[in-house]
Amino acid sequence: MSDRPQLEGPFDPKEIEGELYSEWEEKGYFAPSGDGPPFSIALPPPNVTGTLHVGQAFQQTLMDAIIRYRRMTGCDSLWQTGTDHAGIATQMVVTEQIRAQGLTPQDLGREAFIDRVWQWKRESGGTITQQMRRIGASVDWERERFTLDEGFSKAVIETFVRLYNDGLIYKGTRLVNWDPEFKTALSDLEVVTEPEQGHLWNLRYPLADGLQASDGSSYVVVATTRPETMLGDTAVAVNPDDERYRDLIGKHVDLPLAHRRIPIIADTHVDPEFGSGCLKITPGHDFDDNEIGQRHELEVINIFTTSATLNDNVPESFRGLDRFEARKTVISALEEADLLESVEDYSVNIPRGDRSGAIVEPLLTSQWFVKIDPLAEEAIRVVEDGTIKFVPKRWENVYFAWMRNIRDWCISRQQWWGHQIPAWYDSEGNIYVGRDEQDARTSADLANDIELTRDSDVLETWFSSALWTFGTLGWPNPESPDLKTYHPTSVLVTGHDIIFFWVARMVMMTLYLTGEIPFHTVYITGLIRDAEGKKMSKTAGNGLDPLDLVDGIDLEGLVKKRITNLPQPSMAPRIEAATRRDYPDGIRPFGADALRFTFCDLASPSSNYNFDIARVEGNHYFCNKIWNATKFVLTNTDKMEVDAPKELSIADRWIRSRMRKLVADCRRAFDDYRFDFCAKDIYEFVWHEYCDWYLELTKPVLYDDTVAKEFKQGALFTLVEVLELSLRISHPVMPFITDFLWRKLKPLTKATQPSIMLATYPEVDSLPEDREAEDAVDWLKTVIQTVRNIRGERRISPSDEVRVLFSDGSSRDRELAEQTSDLLRRLAKVSVIDWLEVGQATPAGSVQSVGQLRINVPFLDDAELQAEKSRIQKELARIDREMASVSAKLSNQQFVERAPQDVVQVQRDKASDLESQRSVLVEQAAELPD
RNA sequence: GGGUGCUUAGCUCAGUCCGGGAGAGCGAUGGCCUUACAAGCCAUAGGUCGUAGGUUCGAUCCCUACAGCACCCACCA
């Protein structure tokens with residue numbers, strides 16, 4: 001029987017992972033199959049430019065665990081994958097490359113530039129998909145999509161045309177967030193506003209027509225953080241209830257430098273408490289001012305070009321200045337005219353483009369918008385009525401809050417890389433929308449000889465991402481079988497940072513276009529931070545590459561990776577020092593399973609997780625533990641046949657009953673998205689029940705020739721059975737090691753499937769619950785631990801066997817002691833167990849009790865005796881403390897009368913238990929020689 | 001300004017809709033190379049559960065207020 005497989009050496013993930021993944025992929029195990037109920041997940045498509053970061057590895061691990069679990073439970077499971085063309089991000093990367101050759105995108109022209117991006121995509125776009133393979137993601141690669149591929153683009157264009165025809169997409173000239181570096185509009189979400197140190201300038205605006213303010217001055221003071229915009233002011237506003245300025249309402253000021261006369265208006269938006277209570281109004285360059293301007297029908301003056309330099313709407317001496325230059329120039333000009341009242345330091349909220357980092361300028365431009373209110377209404381409803389559920393539920397509030405205050409969505413971007421807007425213009429600027437130019441002409445009955453030019457803008461990336469769940473399944477073809485089978489998808493797994501960007505927009509678009517929800521459940525994961533709770537970032541140099549945790553990296557490699565291409569190169573020495581301190585030996589290769597297990601272990605309902613590499617290390621050891629347990633099973637079954645058992649021992653019955661509980665717990669954990677429970681339950685069971693106890697309990701059976709063959713067979717059978725179940729239970733979390741070991745066990749389990757991936761997930765009812773066995777083993781464990789405790793306290797060497805005397809005890813104690821004596825002797829290193837009969841003299845020894853049973857380990861010398869005396873005193877003190885608390889309760893009339901009877905009974909039992917412990921100790925103390 | 005979450009052992013965190021003297025991992029301490037595993041085994045120590053009230057026979061858990069931390073949203077120039 002030596003032809004059976006054995007394990008050699010310690011666990012080495014590198015040896016097994018790559019090979020297994022290739023095999024799974026080649027054999028098509030990731031494809032949907034079977035005729036069970038459909039189950040589907042759409043992978044949030046990572047940017048094609050990206051490399052896998054910790055957050056994605058985390059989320060993908062959870063998705064993979066879910067999909068593997070569902071596959072094993074017989075669902076027809078699809079995990080749809082793909083990458084996102086990531087408009088701005090990708091255009092940035094390729095633009096950089098071109099710059100390195102001394103060219104600009106404009107030098108190439110639109111078409112050549114786009115060709116260049118495609119070329120880049122073909123060459124470098126596969127990085128992230130290779131990394132996904134490395135962590136074991138079982139996505140269906142056969143169906144991999146790209147948001148700019150032909151079919152998906154068709155869905156995007158179709159969407160645009162339908163929404164336009166239904167009046168939900170319109171073109172308008174509006175104040176939008178303008179990124180002067182990329183020269184494109186941005187949506188509200190792409191702007192990040194953060195406080196920065198700035199100034200507040202108080203400017204004097206002279207009153208027109210020789211008027212005087214209530215304080216007698218000939219001017220009003222306005223406060224601003226952006227003095228250069230005064231060139232575009234078209235009013236000064238005061239609060240209508242502000243006594244100081246009541247008389248000035250309707251009058252005018254002479255706007256300095258621009259030499260324009262502008263009105264003083266009243267608007268409740270003005271806070272009289274702030275500054276002087278006068279607010280300058282620049283409707284062309286401030287969102288608030290724009291709204292006020294609309295209320296008062298003020299003129300909107302645009303003073304900036306698309307590069308944020310001053311345009312021809314300002315006096316000649318200012319034209320062409322960059323906005324920051326303009327600020328200085330305006331200030332000095334005002335100062336010269338004695339119109340600068342004061343300057344103070346001020347914390348200013350600065351809006352920046354999330355990609356470019358450039359300060360965003362509100363700018364009046366012509367853009368495409370989605371009319372959002374009608375879409376939002378339905379999207380709110382499906383979450384309110386529970387058709388879509390968020391897990392954890394509290395994220396629903398975040399979703400609602402945003403949805404109820406949503407504004408029209410600016411979807412056009414002045415970029416080249418993306419889905420070009422399917423709109424054409426004639427020479428008079430009329431708009432024609434269609435699936436292509438011909439379609440646009442046809443639907444407008446437009447003659448072919450009228451020349452049309454296509455809108456040069458592209459759609460923002462999230463517009464296409466919003467179609468991801470159905471655009472990948474054959475939509476707009478209503479007969480698409482995939483669409484019918486796998487849509488709506490079952491669950492969306494993502495971080496709370498993109499609830500607005502993506503989740504909300506998916507719900508709106510999917511409902512409108514398909515009449516279906518995109519997914520039934522949204523599982524929101526927390527965000528991974530570093531061990532100190534700080535956000536991982538390149539800038540801070542505390543980021544971890546998940547692949548480094550899988551494959552390992554030496555210190556020099558890690559340092560190099562962290563300090564190369566830093567946004568702030570001055571941080572390099574500090575980052576290097578911190579890295580050398582935290583990772584003196586680099587990172588060892590822990591393997592994908594250990595990393596994945598750690599991710600699952602971390603995935604509690606919390607919103608942030610501190611990622612400690614020590615946990616990965618610990619879980620790597622756990623993998624090793626499983627490896628060695630399997631080695632033990634294989635070694636011991638090598639010389640014996642494993643047949644269906646004729647006899648199961650109490651230990652066999654116990655571990656099977658415990659296994660049944662594990663199956664129930666894990667299934668429940670998966671259904672509740674409690675991956676942390678799943679991981680903890682598996683860890684606890686495999687390490688502390690199967691390995692620490694069950695394996696040890698089988699040794700006396702297997703190694704003792706006098707034990708009946710039937711029991712040996714029972715033990716071997718159970719060892720194999722429970723190990724095999726453990727592997728299947730753990731497979732969704734740790735796919736590699738479980739499949740590898742499961743195959744090694746095949747000759748013993750007679751499993752027919754080629755891979756654990758094709759095996760079924762364990763069923764709760766495949767094993768019986770066995771209270772009797774659980775009680776018996778609990779008893780055994782307690783007795784063994786008690787003896788070990790005595791041994792530990794007395795420093796008795798593990799190699800020395802001790803003699804144990806039992807006394808008192810119930811008939812059940814006697815029965816169990818009889819039944820388990822071999823196990824007890826071996827596991828507690830006991831040579832002889834004797835029962836002391838009533839009245840028999842008790843030798844001096846350490847005594848502890850388990851229930852009514854007294855366990856005595858006789859002393860060997862006087863030092864032990866003294867130690868035992870002091871232990872007894874400590875114990876008595878502890879018992880008194882506990883007794884005080886229990887009797888306080890029991891002497892409380894209220895408690896006894898009003899608490900549930902079983903709770904009261906627990907306290908009564910406890911009291912009597914403590915009492916008996918106490919008398920045992922007192923008695924023992926009395927018996928001990930001086 | 002509005003909102004959400006968090007505060008439990010030295011560290012990182014569990015504590016399951018639903019109250020009955022708090023657990024894990026890592027770390028620490030002591031002892032062991034016991035034929036699966038020293039990447040291991042056995043044992044031990046360590047917590048007024050952020051603060052103050054309230055509800056209750058009983059509160060880490062429910063309610064209120066406060067403090068600290070983190071995050072999200074928002075138009076105070």
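Chain identifiers are assigned alphabetically (A, B, ...) following the order of the sequence lines, protein sequences preceding nucleic acid strands; residue numbering begins at 1 within each chain.
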Under 4.0 Å, counting only non-hydrogen atoms across every strand here, what does Thr630(A) touch: a base, just sugar-phosphate, or nothing? nothing

Between A70(B) and U60(B), how far apart are the two P atoms, rounded to whole Å? 28 Å

Scan Asp271(A) against the nucleic acid and name what it touches under 4.0 Å (heavy atoms): base, sugar-phosphate only, or nothing. base

Specify the separation, in whole Å, of atom CG of Leu719(A) and atom P of A36(B). 12 Å

Quick note, Arg529(A) side chain, CB onward, closest among A70(B), A77(B), C26(B) is A70(B)

Base, sugar-phosphate, or nothing for Gln893(A), non-hydrogen atoms under 4.0 angstrom? nothing

Of the candidate nucleotides C57(B), A77(B), U4(B), which contains the atom at the shortest distance from the side chain of Phe274(A)? A77(B)

Residue Val903(A), side-chain heavy atoms: nucleotide from C37(B), G20(B), C75(B) that is nearest: G20(B)

May I have the distance from Asp12(A) (atom CG) to C37(B) (atom P), rounded to whole angstrom? 18 Å

May I ask you to say what Asn892(A) touches in the nucleic acid, namely base, sugar-phosphate or nothing, with a heavy-atom cut-off under 4.0 Å? sugar-phosphate

From the list C71(B), C73(B), A36(B), which nucleotide is the closest neighbour of the side chain of His496(A)? C71(B)

What distance, rounded to whole Å, do you find between the two P atoms, one in A9(B) and one in G3(B)? 30 Å

Between A45(B) and U51(B), how far apart are the two C1' atoms, rounded to whole Å? 29 Å

Whole angstrom value for the distance that separates P of A14(B) from OH of Tyr609(A): 9 Å

Evaluation steps, side-chain contact (heavy atoms from CB on, under 4.5 Å), between Phe622(A) and Val686(A): CA-CA 9 Å; Phe622(A) 179 52; Val686(A) 171; 3.8 Å; yes

Compare the minimum distances between each of C75(B), A77(B), A14(B) and the side chain of Asp676(A), then state the nucleotide with the smallest one. A14(B)

Contact class for Cys623(A) (heavy atom, under 4.0 Å): base, sugar-phosphate, or nothing? nothing

Quote, to the nearest angstrom, the C1' distance that separates C6(B) from C66(B). 16 Å

Check the pair Arg352(A) / Glu196(A) against salt bridge (charged side-chain N to carboxylate O under 4.0 Å, His left out), numbers first and verdict last. CA-CA 11 Å; Arg352(A) 289 177 182 275; Glu196(A) 293 179 21; 2.8 Å; yes

Closest to side chain of Tyr683(A), choosing from C75(B), C37(B), G25(B): G25(B)

Can you check the distance between U48(B) and A22(B), where both ends of the measurement are the P atom (answer in whole Å)? 13 Å

Report the relative orientation of the aromatic rings in Phe740(A) and Trp627(A); use parallel for angles under 30°, tilted for 30 to 60°, perpendicular for over 60°. parallel

Applying a 4.0 Å non-hydrogen cut-off, can you work out what Trp201(A) is touching in the nucleic acid: base, sugar-phosphate, or nothing? nothing

Assign Tyr346(A) to base, sugar-phosphate, or nothing according to its heavy-atom contacts below 4.0 angstrom with the strands shown. sugar-phosphate

A36(B), A39(B), A43(B): which one has an atom nearest the side-chain heavy atoms of Phe632(A)? A36(B)

Would you call Lys680(A) and Asp601(A) a salt bridge, using N to O less than 4.0 angstrom? yes

Using the 3.5 Å cut-off, write out each protein N or O paired with an N or O of nucleotides 21-23 of chain B and the distance between them.
unit_1, atom_1, unit_2, atom_2, d
G21(B), N7, Ser885(A), OG, 3.1
G21(B), N1, Lys889(A), NZ, 3.4

Under 4.0 angstrom, heavy atoms only, what part of the nucleic acid is Arg615(A) near: base, sugar-phosphate, or nothing? base

Sugar-phosphate only, base, or nothing, as touched by Val886(A) at under 4.0 Å among non-hydrogen atoms: nothing

Tabulated below should be each protein N or O lying under 3.5 Å from an N or O of nucleotides 28-33 of chain B; please produce it.
unit_1, atom_1, unit_2, atom_2, d
G30(B), O2', Arg795(A), NE, 3.3

Assess whether salt bridge (charged side-chain N to carboxylate O under 4.0 Å, His left out) is satisfied between Arg825(A) and Asp822(A), documenting all intermediate values. CA-CA 5 Å; Arg825(A) 285 214 309 275; Asp822(A) 287 344; 3.4 Å; yes

Check the distance between C37(B)'s C1' and Leu741(A)'s CG and give it to me in whole angstrom. 13 Å

Counting only N and O atoms by type, is there a donor-acceptor contact under 3.5 Å from the side chain of Asp704(A) to the main-chain atoms of Pro700(A)? no

Testing His199(A), His285(A), Glu361(A) for side-chain hydrogen bond (donor to acceptor under 3.5 Å, both in side chains) with Arg226(A), which one passes? Glu361(A)

When rounded to whole Å, the CZ to P distance for the pair Arg791(A) and U34(B) reads 14 Å

Value in whole Å for how far the P atom of C73(B) lies from CD1 of Ile499(A): 11 Å

Between C41(B), A77(B), C73(B), which one does the side chain of Thr224(A) approach most closely? A77(B)

Would you mind reading off the distance between Asp800(A) atom CG and U34(B) atom P, rounded to a whole angstrom? 14 Å

Which listed nucleotide (A77(B), C37(B), C73(B)) is nearest to the side chain of Lys625(A)? C37(B)

When all nucleic acid strands are considered with a 4.0 Å heavy-atom cut-off, which category describes Asp286(A): base, sugar-phosphate, or nothing? nothing

Classify the ring geometry of Tyr523(A) against Tyr673(A): parallel below 30°, tilted from 30° to 60°, perpendicular beyond 60°. parallel

Using the P atom in both, what is the distance from C41(B) to A24(B), to the nearest Å? 15 Å

Is the base of C37(B) touched by the side chain of Lys631(A) through a donor-acceptor pair closer than 3.5 angstrom? no

Asn290(A) and Gln294(A): side-chain donor and acceptor closer than 3.5 Å? yes

Please work out whether the ring planes of Trp402(A) and Phe500(A) are parallel, tilted or perpendicular, with thresholds of 30° and 60°. parallel

Against the side chain of Glu696(A), the closest entry in A36(B), G20(B), C75(B) is A36(B)

Val398(A) near the nucleic acid: base, sugar-phosphate alone, or nothing, with a heavy-atom cut-off under 4.0 Å? nothing

By the 4.0 Å heavy-atom rule, please label Lys699(A) as base, sugar-phosphate, or nothing. base

Quick one: label Glu801(A) by what it contacts on the DNA or RNA (base, sugar-phosphate, nothing), any heavy atom closer than 4.0 Å. nothing

Please give the nucleotide sitting opposite G25(B) as a Watson-Crick or G-U wobble pair, both distances under 3.5 Å, or none. C11(B)

Pick base, sugar-phosphate or nothing for Leu200(A), based on heavy-atom distances below 4.0 Å to the nucleic acid. nothing

By the Watson-Crick or G-U definition, both distances under 3.5 Å, G30(B) is matched with C42(B)

Rounded off to whole Å, could you give me the NZ-to-P distance for the Lys680(A) and C26(B) pair? 12 Å

Interatomic distance at C1', C33(B) relative to A38(B), whole Å: 7 Å

Could you tell me the Watson-Crick or G-U partner of A59(B), where both distances fall under 3.5 Å? Say none if there is no partner. none

What interatomic distance, in whole Å, is found between P of C75(B) and the corresponding atom of A14(B)? 33 Å

